[in-house]
Structures are given as structure tokens and as C-alpha cells.
Amino acid sequence: MKPPRILVTGANGQIGSELVAELRRRYGKSNILASDIFQPEDVIEPFGIINILDNERLRQVVEQQEVTQIYHLAAILSAKGEQNPLQTWEINMQGLFNILEAAKDFKIDKVFFPSSIAVFGNNTPAINTPQHTVAEPATVYGMSKLAGENWCQYYNKKYDLDIRSVRYPGIIGHGQKPGGGTTDYAVEIYHKAVDKEDFECFLSENTALPMLYMEDAINGTIDIMEAPADKIKVRTSYNLAGMSFTPAEVYAEIQKHYPDFKMTYKPDFRQAIADSWTDSIDDSAARNDWGWQPKYDLTKMTEDMIMHLKEKRGV
Ligand code: SER
């Protein structure tokens, strides 16, 4: 079978950079076109600069490169989004519309759209949040993801576009750092511990949030895209869970490796965002429909994170 020709937007980001590497491993380097608004110094070709709001350029690339699948990761995250709500809406929504229209017009086989736990809000059941539930997001990022999910379902029903989506929890990985999210503390804390520096956490100690290790996130993302279409019964977005922990819990886990590591708490505006999100997620629909199964818990993830970060620093 001919391998897919895949365009990834937001490819320089925390998830994008890892996803591109894994897609290239599976489908061949030349079949994966990475794109972002700037070219990184250590660029691996094929790479193209695409501003997701530049519709003409996007359509030109999709057509000329004979793209058959799109992973649309470009977006502004929760915390950063609050600094400029209207611009965030424009980038997250118009960007998605440009992708959806190009996918429809050029008859793209499959599209991936990442949603988030940010679609949930203060009125959502916080423990084991169900797949179908109250979703009244507190951030413009969450509003854009919720609207995006519904637009994806709309394009699926109306135009038969095969678009698939998951609601990512906080993603933790040792590669590219995240930018502008509320769950970013759970990445930074590992860097500080390995660098033997103190860490000031911007969330309070008992703020539980759903989290997922990068390796699980990447496998789940490609798995949902590879699943037979009839297995994908939710056409808004699937709940996805890995683990759930508080800053105090990840701190204690890291202290098993670094007993002298010190963390203090200084909650800022991101506390209110975290408080509006749920504590843990029921992902049984993803497990039952297309076989989602994460491998990492907090203990295993912590061992792996520390091992890789030490390796990178040569310590
Ligand atoms: N990790 C994201 C954020 O914190 C949630 O999707 O914004």
C-alpha cells in the first residue's frame, strides 16, 4: 500500500516535534512534511514555513505536495491565550477552518485535530469526567477547542470528512518544552530537579490535573488515525487519560531520585485555569472503541524522564 503523505502544522512544538519524528520512522522521512511559522535551526527536511492564517500558502502546499493526511497541531495554548483572547480565537479557529476547507476541497483522506481537557469547566464533574458531559470552558483556548470539536463533527457529518480527535491532558515529555500552557509546570519541574535547581511552582500543592506521558500521547495519536473508520464513533473528540497527580505528588516522586530537590508554591493566574479543569478523566470510550491503552504511570514516567534528561546533559 502507498504510504500516506502527511502534513503536520505546529511541527516545532512540544507534541509536533515528537510526532514528526515518529511519523517519519513509520512512514518514511520524505512522506512527512513538517511545517510551522518559523524554521528551526536544527531543521530536518522536508520542512515548509506555513502560517496557518495564510490560507493561500496552505492550499498551495496541500495541492503541490499531494498531501493525503493532515495533523493540525498549530494553536495558542491556555495560559498564553489569555493574554490576547481575540488573536487566540483568530489563530485557533480561522486556522482550523483553513485546514477543514483545504481537507474538504482537496479530498484529504484523514485529518487529526487535537482538543484538550480545557474544554471542561467549573460545572463539569471533576472526578472521572465522562466522555459526554457539561463543557463550559473558562479560557478562550478551551472555547476554541470546544467549538473546534463541534466543527470537526460538522464537517464529518456534512461533508464526510474523516477527521479524528482526542482531548489531550497535560503532556509531559523530555524533548521540546511546551509553551504557554497551564500544565507546563509538570515538565519544568523535571528540568529543575535534574539541573539541581530549586523550583517555584505556579500552581498550589493540591491541584490535581490529568496528565499523559509523551510516548503514550504519540502512540495514541497515531493509533486513532490508523484505526478503521467504523471504530471511530465519537466525532467530536475522545477523552484520553494516562495518570492524574498534584504538584505535591510529582514533587514527592522526584524526591525519591533527588532527595535534596526543593519546591515552593507561588500560584499565579494559571491557578484559576487549573481549578476550572477536572482532576481525572474517564477514557473508557477511547479504550473500547479503538483500543487506547497508555503504558506510563507517575512512577514509570518519572524514571524515564530523569533518565533521558540526564542523558541529554551527559550527567
Ligand atoms: N496542556 C494544555 C495547556 O495547559 C492543555 O491542553 O494549555
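Whatever order the structure lists them in is the order used to number ligands and atoms, beginning at 1.
Distances from ligand 1 to the non-hydrogen atoms of Tyr185 include no value under 4.0 Å. The closest approach between Thr183 and ligand 1 falls below 4.0 Å for a heavy atom of the residue.
Looking at Arg287 and Asp283, a side-chain N of the basic residue comes within less than 4.0 Å of a carboxylate O on the acidic one, giving a salt bridge. Salt bridge present: Arg26 and Glu22 bring a charged side-chain N and a carboxylate O closer than 4.0 Å.
Nearest heavy-atom pair across Gly170 and Ile117 is N-CD1, 4.3 Å.
Ring geometry, Phe199 versus Tyr185: the interplanar angle falls under 30°, so the pair is classed parallel (tilted spans 30 to 60°).
Atoms of ligand 1 found under 4.0 Å from any heavy atom of Thr182 (numbered from 1 in listed order, with element): 3 (C), 4 (O), 7 (O). Atoms of ligand 1 found under 4.0 Å from any heavy atom of Leu77, numbered from 1 in the order shown, are 7 (O). Of all atoms in ligand 1, numbered sequentially from 1 with element shown, those under 4.0 Å from a heavy atom of Trp277 are 3 (C), 4 (O), 5 (C), 7 (O). Residue contact check: Ser78 has heavy atoms under 4.0 Å from atoms 3 (C), 4 (O), 7 (O) of ligand 1.
Considering backbone and side-chain N/O of Tyr141, one or more are found under 3.5 Å from N/O of ligand 1. Between Ser116 and ligand 1, a contact under 3.5 Å exists for at least one N or O pair.
Annotation: Lys158, atom NZ; neighbour count of heavy atoms from other residues, nucleotides and ligands within 6.0 Å does not exceed 12.
A cation-pi arrangement, defined by a distance under 6.0 Å to the six-membered ring centre and an angle within 45 degrees of its axis, is present between Arg270 and Phe202.
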